[in-house]
Amino acid sequence: MAGVPAFYVTTPIYYVNDKPHIGHAYTTVIADALARWHRLIGDDVFFLTGTDEHGLKVQRVAEERGITPQEQADTTSERFREAWAGLDITNDDFIRTTEPRHHKAVQRLLQAVYDNGHIELATYEGLYCVGCEAYYTDDELEDGNCPIHQRPAELFKEDNYFFKLSRFEQPLLDWFEAHPDAIQPESKRNEALGLIRQGLRDVSITRTSLDWGVPVPWDPDHVFYVWYDALINYATAIGYGEDPERFARWWPAVNHLIGKDIIRFHCVYWPAMLLAAGIDPPRHVWVHGYLLVKGAKMSKTAFNQIAPGDLAEEFGVDGVRYHLLRDNAFGPDGDFSYEGMVARYNADLANNLGNLLSRVSTVVGSKCGGVGPAPRPDSPLAPVAAECYEAAAAAWQRVQPAEALEATWRLIREANAHLEANEPWKAEPGPAVDAVLGDALEVLRIVAILAHPAVPRACTEVWRRIGLHGAPADQRLPGAARWGGYPGGFRVEKGAPLFPRIKEP
């Protein structure tokens, strides 16, 4: 759409050696909330997720199960699709690295790097972590173990093609100096710069000892390493090599969301590969910490993976989404606990948002004949609503969902306090009661829009119950957040609790 700002948001594509867990859901729900917010502010949004399906790890898992790598990929990729549908994820595309469109893009991009003289053949011997699908040096290992997976690295030796990463140390430093906000938050930018400044070694990008991968176009005895294949998915999905206009539209607007364990690949290798191919590095990479369970990173071997669908059965889809977005600041490590999830659900969703809707609909029914009055132009809640919108909008722009939701819930708390102070349920029907209730309905209208990226089902139901037509997703900010949008005269429905309280453990 010409003239409309573009916003391209991506998750990492998830590896198909195992089923989805809440660590995957954490990144994906954040990306979805950002996509929903940017649609609300009128941006042209493209949201990509998908699955990474090649490599030795997938091949070994498939062999253990007695199936082909393609069968392993098909089964697990479908599990991710189902998990994201179950969490109301609104991705515009779901890419699989086994798709023909992706093979073409990988071969075109890395052929360009080869043609530009940045890939050379050599024999490599080194320590390899199958879990990471990456080589490590002795000093990067911890007592011979991978620092991420805590498993012994394996010694591999074979003829590989090498990407001349060492040539790009200064070009990368120059790029990040010219684009100081390209990697956020600042602590993660400094980490990436540290990796570059300690010196870059050339990296192996092909294998001959397996065939489960994208063939190298100039030497079909080799396949590309899974990482270099996988990174190119972000370019594949927006038409690299097939649709130059589409690629030119979306690439400058890219926003990668990644976990801190893949900084090296996304903030060093990927931008260097792009520079080598004659393409600008990604404009924004947003890096978050781990979502820990009792202080430990989720992993298959630690048996601490939690399926998002299991949580949704107890807390509802919106309950899971809200917890992932609200309880952890974006950037540092966060911690998941069942007790914390129950406490947050009851406090914010049941006691605040749910209680506000219940109170207002009940009193409108008893004092106003079930018809909602309009808000006062000079309501004391009007300036609060303006402040909360500005704070929420600024936080979403900085990719800080927890701050955005704190600002939104401040408005809910203020509205509940306003009801407590005026006690319309005790007063006789009349203009004073109408004024208080009209103000509260207007808060519910605004909150239904501002909270929609986090809890879309609940916000759509709030919208319906206060009598409004359409849906919060159809609104456009900032205009829709201006005070006075609730027209009055609509029938307000009193329904079941929006968020039934959950018993404390």
Side-chain angles (χ1 to χ4, degrees), residues 4-7 9 29-45 180-181 184-186 253 255 257 284 286 288 321-322 325-331 344 347-349 352-353 356-357 374-419 421 438-456 458-460 462-463 466 468 471-487:
V4 177
F7 182 79
V9 61
V29 168
I30 293 172
D32 181 71
L34 286 170
R36 289 175 182 271
W37 175 262
H38 280 268
R39 293 183 192 114
L40 284 173
I41 64 174
D43 288 351
D44 187 13
V45 172
D181 62 341
Q184 292 294 320
E186 187 72 14
N255 290 264
L257 264 62
H284 292 291
W286 303 91
H288 64 73
R321 290 175 60 99
Y322 186 77
L325 292 164
R326 178 67 182 86
D327 265 19
N328 301 291
F330 188 94
R344 177 66 71 183
D348 286 14
L349 299 178
N352 276 289
L353 178 55
L356 178 62
L357 177 65
R376 292 169 290 178
D378 59 349
S379 167
L381 292 175
V384 178
E387 291 171 10
C388 291
Y389 169 72
E390 292 299 331
W396 283 117
Q397 194 66 31
R398 298 194 314 275
V399 188
Q400 289 295 337
E403 290 183 28
L405 294 173
E406 169 57 28
T408 303
W409 256 254
R410 178 196 162 200
L411 181 55
I412 295 170
R413 292 193 296 270
E414 294 275 3
N416 273 319
H418 191 61
L419 287 174
D439 292 350
L441 284 164
E442 175 66 346
V443 165
L444 283 167
R445 183 192 70 83
I446 293 172
V447 165
I449 301 167
L450 299 189
H452 186 267
V455 285
C459 289
T460 301
V462 169
W463 195 263
I466 64 176
L468 295 172
D474 303 330
Q475 307 306 303
R476 291 295 172 264
L477 296 168
R482 293 194 186 102
W483 190 264
Y486 188 77

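FYI, the numbering just counts along the sequence from 1. Computed over heavy atoms, backbone and side chain alike; hydrogens, waters and symmetry mates excluded.
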Handout entry: Residues Gln397, His38; criterion side chain to side chain contact (heavy atoms under 4.5 Å, CB included); working and verdict
Key = CA-CA 9 Å; Gln397 194 66 31; His38 280 268; 4.2 Å; yes

Exercise for the section: Answer whether the closest heavy-atom distance between the side chains of Ile30 and Leu325 falls below 4.5 Å. Expected result: yes

Exercise for the section: For Trp483 and Arg376, indicate whether the former's side chain and the latter's backbone hold a donor-acceptor pair under 3.5 Å. Expected result: yes

Problem - Between CG on residue Leu40 and CZ on residue Arg476, distance to nearest 0.5 Å - result: 6.5 Å

Handout entry: Whether Glu442 side chain and Gly485 backbone form a donor-acceptor pair below 3.5 Å
Key = yes

Handout entry: Exam field: side chain Arg321 to backbone Pro453, donor-acceptor pair closer than 3.5 Å
Key = yes

Completion exercise
Output for pair (Leu353 CG, Ile412 CD1), nearest 0.5 Å, gives 4.5 Å

Handout entry: Between CD on residue Gln475 and CD1 on residue Ile41, distance to nearest 0.5 Å
Key = 15.0 Å

Practice task
Please tell me if the side chains of Leu468 and Val462 come closer than 4.5 Å, counting only heavy atoms from C-beta onward.
Solution key: no

Handout entry: pair Leu257-Leu34: side-chain heavy atoms closer than 4.5 Å
Key = yes

Exercise for the section: Could you tell me whether a side-chain N or O of Arg445 sits under 3.5 Å from a main-chain N or O of Ala480, the two making a donor and an acceptor? Expected result: yes

Problem - Residues Glu414 and Arg410 bridged, charged N to O under 4.0 Å - result: yes

Exercise for the section: Would you check if the side chain of Gln400 reaches a backbone N or O of Phe330 as a donor-acceptor pair within less than 3.5 Å? Expected result: yes

Practice task
Answer yes or no: is there a side-chain heavy-atom contact under 4.5 Å between Ile449 and Cys459?
Solution key: no

Practice task
Would you indicate whether the side-chain heavy atoms of His452 and Thr460 approach each other to under 4.5 Å?
Solution key: yes

Problem - Intermediate values then yes/no, side chain to side chain contact (heavy atoms under 4.5 Å, CB included), Leu419 and Leu356 - result: CA-CA 9 Å; Leu419 287 174; Leu356 178 62; 3.7 Å; yes

Handout entry: Note, Trp37 side chain near Leu450 side chain (heavy atom, < 4.5 Å)
Key = yes

Practice task
Please report the shortest heavy-atom distance between Thr408 and Ala392, naming the atom on each side.
Solution key: OG1-CB, 4.0 Å

Exercise for the section: Output the distance between atom CG (Asp181) and atom CH2 (Trp286), rounded to the nearest 0.5 Å. Expected result: 7.0 Å

Practice task
Evaluate the side-chain proximity of Gln184 to Val399: yes if any heavy-atom separation is below 4.5 Å, no if none is.
Solution key: no

Practice task
Specify the closest pair of heavy atoms between Gly331 and Pro185, including all atoms of both residues, with the distance to one decimal.
Solution key: CA-CG, 4.0 Å

Practice task
Kindly give the heavy-atom pair with the smallest separation between Gly438 and Pro375, and that separation in Å.
Solution key: O-CB, 3.4 Å

Practice task
Look at the side chain of Asp474 and the backbone N and O of Ala471, then say whether any donor-acceptor pair between them is shorter than 3.5 Å.
Solution key: yes

Handout entry: Asn255 vs Phe7, side chain to side chain contact (heavy atoms under 4.5 Å, CB included): CA-CA, chis, key distance, verdict
Key = CA-CA 7 Å; Asn255 290 264; Phe7 182 79; 3.3 Å; yes

Problem - Rounded distance [0.5 Å steps], CG in Leu441 versus CD1 in Ile446 - result: 11.5 Å

Fill in the blank from the handout: In short, Ala415 meets Val443 closest at the heavy-atom pair CB-CG1, 3.7 Å

Problem - Residue pair Val29 / Tyr322, side-chain heavy-atom distance below 4.5 Å - result: no

Problem - Shortest non-hydrogen contact from Pro472 toward Ala448 - result: CB-O, 3.4 Å

Handout entry: Nearest heavy-atom neighbours spanning Asn352 and Asp348
Key = CB-O, 3.2 Å

